[in-house]
> 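The structure's right below; bear with me while I get my questions together.
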Amino acid sequence: MFIINTSHVEITTFFLVGIPGLEYAYICISIPICSIYLVAIVGNCTILFVIKTEPSLHEPMYYFLSMLALSDLGLSLSSLPTILRIFLFNAPEISANACFAQEFFIHVFTAMESSILLLMSFDRFLAIHNPLRYSSILTTVRVAQIGIIFSFKSILLVLPFPFTLRSLKYCKKSQLSHSYCLHQDVMKLACSDNRIDVIYGFFGALCIMADFMLIVVSYILILKTVLGIASQKQKLKALNTCVSHICAVIIFYLPILNLAIVHRFARHVAPLFNVLMANVLLLVPPLMNPIVYCVKTKQIRVRIVAKLCQKQI
């Protein structure tokens, strides 16, 4: 749909991209995509349910894990409408306001997940470095306060995005690069000055990378602490508590780094690769995090099995 302006034609509808060249197979492709969303939503809801109903899991580590599950749910539900519309109904159109709203929620939950992964790294460092004071430092109230503060930080960081995008004029191109709306993708379509968006978008990306660098610093300190432990068995036990979190960090940040490199340097890369990497960014972390934590965290795995056995009985 177009609105006629006195000086130019302003675009109010954008067009998303599914998988170029495979439009004939969208119905078949929608089956694994729907399965991924279903597993991701059920998996994260299961983790939330188990942590809520098991008093033995009411500890800082599992509170942070429940925050991670909530951010994964938000990430899945933010991208779900447009991706399923494209692959189930071949309907790539999205209004400008809906697009701005979607990119806001996607970026909020992405920033939130990054912050939570950072908090979880500090949690692991504190548990290994100072186990005797761990429970007294990270009380339930303090964990809740930290979670609320970092959630507001994520919202405030992303809040300007939809307003700056809304102030731009779109009069030449309406084709986006992905199956959902991203800030950096939408602002490239503007035919008015988008320098503020470029600068602030770069600042937002730096904040995400700062979280990653602080996570790296946390693990350097963790490694230093572990190397100071005399017992080999205690060293392995301490490191084993970090395996799930390390997997979650890799699963989350690797697609972001790959997509950033593709957008910045690989301008002539095949569109198919670009689209696949963008979908991996939103589909894989919410899918894999519950699986990793269920497989690698004995306490969660045992409780889930116990709940399933109770229902069967």
Side-chain angles (χ1 to χ4, degrees), residues 39-77 109-154 211 214-215 218-219 221-222 225-226 234 236-253 285-311:
V39 173
I41 292 170
V42 171
N44 285 292
C45 287
T46 300
I47 285 181
L48 288 171
F49 174 75
V50 170
I51 292 174
K52 178 177 173 59
T53 56
E54 279 294 332
S56 61
L57 298 181
H58 293 176
E59 298 177 5
M61 173 184 173
Y62 301 107
Y63 290 143
F64 288 127
L65 178 56
S66 64
M67 294 179 197
L68 184 66
L70 282 172
S71 66
D72 279 334
L73 277 174
L75 208 54
S76 293
L77 295 175
F109 287 113
T110 300
M112 202 174 292
E113 183 147 347
S114 179
S115 296
I116 293 165
L117 289 172
L118 173 61
L119 293 175
M120 293 174 84
S121 70
F122 286 155
D123 168 75
R124 290 300 84 209
F125 168 69
L126 189 60
I128 293 171
H129 181 72
N130 203 343
L132 296 179
R133 296 187 59 202
Y134 174 70
S135 298
S136 61
I137 294 174
L138 284 180
T139 61
T140 301
V141 174
R142 195 163 291 167
V143 169
Q145 290 172 341
I146 292 172
I148 292 170
I149 290 170
F150 274 80
S151 296
F152 273 109
K153 184 214 72 164
S154 301
D211 288 344
L214 289 172
I215 290 171
S218 297
Y219 272 99
L221 296 175
I222 287 171
T225 303
V226 169
Q234 289 298 319
L236 293 174
K237 184 178 179 181
L239 289 173
N240 191 51
T241 63
C242 301
V243 171
S244 299
H245 180 255
I246 292 172
C247 292
V249 169
I250 293 171
I251 289 167
F252 178 73
Y253 283 103
L287 170 71
M288 292 304 299
N289 285 340
I291 295 173
V292 167
Y293 275 94
C294 288
V295 171
K296 294 299 297 180
T297 308
K298 183 180 178 181
Q299 293 87 337
I300 298 252
R301 186 174 65 250
V302 169
R303 266 58 177 198
I304 289 175
V305 171
K307 295 287 183 184
L308 291 174
C309 292
Q310 285 178 2
K311 287 185 178 181

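All of these numbers come straight from a predicted model, not from anything done at the bench. The first residue of the sequence shown is numbered 1, and numbering continues consecutively from there.
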> Nearest 0.5 Å please: distance from the CG atom of L126 over to the CD1 atom of I137.
4.5 Å

> V50 and side-chain contact (heavy atoms from CB on, under 4.5 Å): which partner among T46, I47, L48?
T46

> With a 4.5 Å cut-off on side-chain heavy atoms, are L118 and S121 touching?
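Side chain of S121 against side chain of L118, heavy atoms only: contact under 4.5 Å found.
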
> So which heavy atom on I128 is nearest to which on C242, and how close?
CD1-SG, 3.7 Å

> How would you list, by chain and number, every residue that makes a side chain to side chain donor-acceptor pair (under 3.5 Å) with S136, sequence neighbours excluded?
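Checked S136 against side chain to side chain donor-acceptor pair (under 3.5 Å); zero matches.
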
> Does some side-chain heavy atom of I300 sit less than 4.5 Å from a side-chain heavy atom of L65?
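Sidechains of I300 and L65: in contact.
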
> Should P285 and E113 count as side-chain neighbours, where that means a heavy-atom distance under 4.5 Å?
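Yes, side chains in contact.
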
> Say you draw a straight line from CE of M67 to CD1 of I148; how long is it, rounded to the nearest 0.5 Å?
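If we round to the nearest 0.5 Å, M67:CE and I148:CD1 are 8.0 Å apart.
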
> How would you list, by chain and number, every residue that makes a side chain to side chain donor-acceptor pair (under 3.5 Å) with Y63, sequence neighbours excluded?
none

> Looking at side-chain heavy atoms only, is the closest gap between I146 and L138 below 4.5 Å?
yes

> Nearest 0.5 Å please: distance from the CD atom of E59 over to the CD1 atom of I51.
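Rounded to the nearest 0.5 Å, the CD-CD1 separation comes out at 10.5 Å.
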
> Donor-acceptor check, side chain of S151 to backbone of G147, threshold 3.5 angstrom: yes or no?
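Checked: pair present.
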
> So how far is it from T241 OG1 to I222 CD1, rounded to the nearest 0.5 Å?
7.5 Å

> Can you check side chain to side chain contact (heavy atoms under 4.5 Å, CB included) on L68 and S71, steps first, answer last?
CA-CA 5 Å; L68 184 66; S71 66; 4.1 Å; yes

> With distance as the sole test, does N44 use its side chain to make a donor-acceptor pair with the main-chain N or O of P286 at under 3.5 Å?
yes

> Could you check H245 against D123 for side chain to side chain contact (heavy atoms under 4.5 Å, CB included), going step by step and ending with a plain yes or no?
CA-CA 10 Å; H245 180 255; D123 168 75; over 6 Å; no

> A side-chain contact here means heavy atoms from C-beta on lying under 4.5 Å apart; do V292 and V243 qualify?
no

> What are the two closest heavy atoms between K296 and N240, and how far apart are they?
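That would be NZ-OD1, 4.3 Å.
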
> When rounded to the nearest 0.5 angstrom, what distance separates CD1 in I149 from CZ in R142?
11.0 Å

> How far apart are the closest heavy atoms of D211 and Y253, and which atoms are they?
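So the two residues come closest at CB-OH, 3.5 Å.
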
> List the steps, then state whether side chain to side chain contact (heavy atoms under 4.5 Å, CB included) holds for L70 with S66.
CA-CA 6 Å; L70 282 172; S66 64; 5.7 Å; no

> Apply side chain to side chain donor-acceptor pair (under 3.5 Å) to K52 and list each qualifying residue two or more places apart in sequence or on a separate chain.
none

> Tell me the ring pair (Phe, Tyr, Trp, His ring centres under 6.0 Å) pairs involving residues 112-147, sequence neighbours left out?
F125-H129

> Short question: side chain of S76, backbone of L73 - any donor-acceptor pair under 3.5 Å?
no

> Is there side-chain contact between I116 and F150, with at least one heavy-atom pair below 4.5 Å?
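The answer is no, as the side chains (C-beta and beyond) never meet within the 4.5 Å cut-off.
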
> Residues two or more places apart in sequence or in another chain: which of them pass salt bridge (charged side-chain N to carboxylate O under 4.0 Å, His left out) with E54?
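Per chain and number, E54 pairs via salt bridge (charged side-chain N to carboxylate O under 4.0 Å, His left out) with R303, K307.
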
> So M120 and V249, do their side chains get closer than 4.5 Å, heavy atoms only?
no

> Let me confirm one number: the OH-CE distance from Y293 to M288, rounded to the nearest 0.5 Å.
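It comes to 12.5 Å.
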
> List the residues meeting side chain to side chain donor-acceptor pair (under 3.5 Å) with S115, not counting sequence neighbours, and say none if there are none.
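Residues passing side chain to side chain donor-acceptor pair (under 3.5 Å) with S115: K153.
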
